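Remember, predicted model here, so these are calculated numbers, not experimental data. Throughout, a chain's letter reflects where its sequence line sits, starting with A, and its residues are numbered from 1.
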Protein chains: 2
Amino acid sequence: MPRNRHDVDRDAKIAEIREAAVGLLRAGGYPALSHSAVAKELGLARTAVTWYFATKDDLFAAALADIYVADLGTPPADGDVMARLRWAVERLTALQPLTHALHERARHSPAAAELEAAFQEGLCTRLRALLAPHVAADRLDRVTTTVIVFVEGLLVQPRTTGDRLDLLEFLVTDLIGASGRS
Amino acid sequence: MPRNRHDVDRDAKIAEIREAAVGLLRAGGYPALSHSAVAKELGLARTAVTWYFATKDDLFAAALADIYVADLGTPPADGDVMARLRWAVERLTALQPLTHALHERARHSPAAAELEAAFQEGLCTRLRALLAPHVAADRLDRVTTTVIVFVEGLLVQPRTTGDRLDLLEFLVTDLIGASGRS
DNA sequence: ACCTGAACACCGTTCAAGT
DNA sequence: ACCTGAACACCGTTCAAGT
């Protein structure tokens, strides 16, 4: 007796599923996400979720996109370069396991690959704008990429917040300071 | 009718299992590794492997330790700093998915956590020795950590070998060149 | 000590059947 | 269009039973 929900708005149903998936990802990471778990939370059969998100990775990418918007979508409007970088690193640190899972799934899932590409491009654009006033134009591309790579590396190993920010400051002052030499 | 292999040396049997696991990891990464797949390759019941490696992660850590020794155990004896760094980055790049899987599993598996710690310490020690002649003593720790972090970041995103080495050279010359300023 | 086979509780995906 | 339930081929782990 499939209790159909034709009355409920389609977007509302999809939003319900995404919200449940976000909760599971935040609580237990990629392994905790499953069609079954989402369905159980919503009182549905586990194959009902498949109707909207055919594969686990489609569901994963949709939910993680929501998380990125919620956690990284509204950066602080004021503060200097280091303060803004600190904010981003702290946010990215908390999301590191999910971002790492995205990277791994991107090899097999088009949806994951698409989200990863968009995520990377967004980060790069924002960082370049942040650094532009402080770096010589001919060095901007390389400095931007270097900082991006460094931040990605910072997130790999668990470190204390203090260590992370110290290292970041060490690198950035070195790169920004060195810009006067060219 | 369990065909017992009391005649075979215990270490030889374990080596067989580790070799099969190494092959599976190299071919398909962490997801491709399973007790079943190893057992099938060796003509055993899948629970036979459990006798030697109780959990999947125990098996994973043992096999990855072998891979690390095989791929990173014998660095080139000659060459300058950049050449040695290039060699390491190229090797680490190929192992990146497995190293990331190790990092993820280290959160749940003591064996994985132990291997990751040993791996990190080995890398750090070797890099410090490599950089020591070129960096002022009071900067050595921070420069070493910075390069480690940067290299870890380099491995996260897929880049061409050329891009990777260019970025590495940009960072290292900047850091080594900056050592004269202190 | 070593290995088997059965069992348990999952998983992702597919699909015929219903409303 | 939407949802169910059954099915398939897995998975990691546990365990009684055999040699």
>> Pairs counted only when both distances fall under 3.5 Å, Watson-Crick or G-U: show me the 5' to 3' dot-bracket for DNA chain D, [ ] for pseudoknotted crossings and | for other-strand partners.
In response: ||.|||||...|||||.||
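- Remark: A/D166 engages no residue in a salt bridge (Lys or Arg N to Asp or Glu O under 4.0 Å) (not counting sequence neighbours).
- Within residues 58-66 of chain B, no residue approaches DNA chain C, by heavy-atom distance under 4.0 Å.
- A/K40 has its NZ atom 12 Å from the P atom of C/dA9, to the nearest Å.
- Under the rule for a salt bridge (Lys or Arg N to Asp or Glu O under 4.0 Å), A/R10 has no partner lying at least two apart in sequence or in another chain.
- Sorted pairs that involve residues 141-173 of chain B and meet ring-ring contact (aromatic ring centres under 6.0 Å, His included), not counting sequence neighbours, are lacking altogether.
- Grouping Ile, Leu, Val, Met, Phe, Trp and Tyr by side-chain contacts under 4.5 Å, direct or through others, puts B/V156 with A/V156.
- Distance CZ (B/F53) to C1' (D/dT13): 17 Å, rounded to an integer number of Å.
- Contacts of B/W87 classified as side-chain contact (heavy atoms from CB on, under 4.5 Å), with partners at least two apart in sequence or in another chain: B/P75, B/P76, B/R91, B/R126.
- Distance B/L44 CG to C/dT4 C1': 10 Å, rounded to the nearest Å.
- Taking atom NE2 of A/H35 as the reference point, atom P of C/dC10 lies 17 Å away to the nearest angstrom.
- Between the CG atom of A/L42 and the C1' atom of D/dT4 there is a distance of 15 Å, given to the nearest Å.
- Look at CG on A/D9: it is 13 Å from C1' on D/dA1, rounded to the nearest Å.
- Atom NZ in A/K56 sits about 14 Å away from atom C1' in D/dC10, given to the nearest Å.
- The B/T55 side chain lies nearest to D/dT13 when the options are D/dT13, D/dT4, C/dC3.
- For B/Y52 and C/dC3, the shortest distance from a side-chain N or O to OP1 or OP2 is below 4.0 Å.
- The A/T47 side chain lies nearest to C/dT13 when the options are C/dT13, C/dA6, D/dC2.
- A/T145 pairs by the side-chain hydrogen bond (donor to acceptor under 3.5 Å, both in side chains) definition with nothing, not counting sequence neighbours.
- Residue contacts shown for A/A45 are limited to sugar-phosphate atoms, with no base heavy atom under 4.0 Å away.
- Judged purely by distance below 3.5 Å, without hydrogens or angles, the side chains of B/H100 and A/E104 never pair a donor atom with an acceptor atom.
- Residue A/R46 is classed as a base contact, given a heavy-atom separation below 4.0 Å to a base.
- Within residues 99-107 of chain B, no residue places a heavy atom under 4.0 Å from DNA chain D.
- Dashed line: the shortest gap from a side-chain N or O of B/R10 to OP1 or OP2 of C/dC2 is under 4.0 Å.
- Checking each of B/T74, B/V69, B/I67 against B/D71 for a side-chain contact (heavy atoms from CB on, under 4.5 Å) leaves exactly one that passes, namely B/I67.
- In this view, B/R164 satisfies the salt bridge (Lys or Arg N to Asp or Glu O under 4.0 Å) rule with no residue, not counting sequence neighbours.
- The residue among A/S36 and A/T50 whose nearest nucleotide of DNA chain C is located toward the 5' end is A/S36.
- Neither OP1 nor OP2 of D/dC3 sits under 4.0 Å from any side-chain N or O of A/W51.
- Evaluation of the side-chain contact (heavy atoms from CB on, under 4.5 Å) rule for A/R84 yields A/L130 as partners, not counting sequence neighbours.
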Output a table of donor-acceptor pairs, distance under 3.5 Å, between side-chain atoms of residues 56-66 of chain A and any protein atom two or more places apart or on a different chain; print 'none' if there are none.
| from | atom 1 | to | atom 2 | distance (Å) |
| --- | --- | --- | --- | --- |
| A/K56 | NZ | A/Y30 | O | 3.3 |
| A/K56 | NZ | A/L33 | O | 3.0 |
| A/D57 | OD1 | A/Y30 | OH | 2.7 |
| A/D57 | OD1 | A/R105 | NE | 3.2 |
| A/D57 | OD2 | A/R105 | NE | 3.1 |
| A/D57 | OD2 | A/R105 | NH2 | 3.0 |
| A/D58 | OD2 | A/T55 | OG1 | 3.3 |
| A/D66 | OD1 | A/R18 | NH2 | 3.0 |
| A/D66 | OD2 | A/R18 | NE | 2.9 |

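- Between the side chains of B/E152 and B/Q96, no donor N or O sits under 3.5 Å from an acceptor N or O.
- Nearest to the side chain of B/S34, among C/dA1, C/dT13, D/dC11, sits D/dC11.
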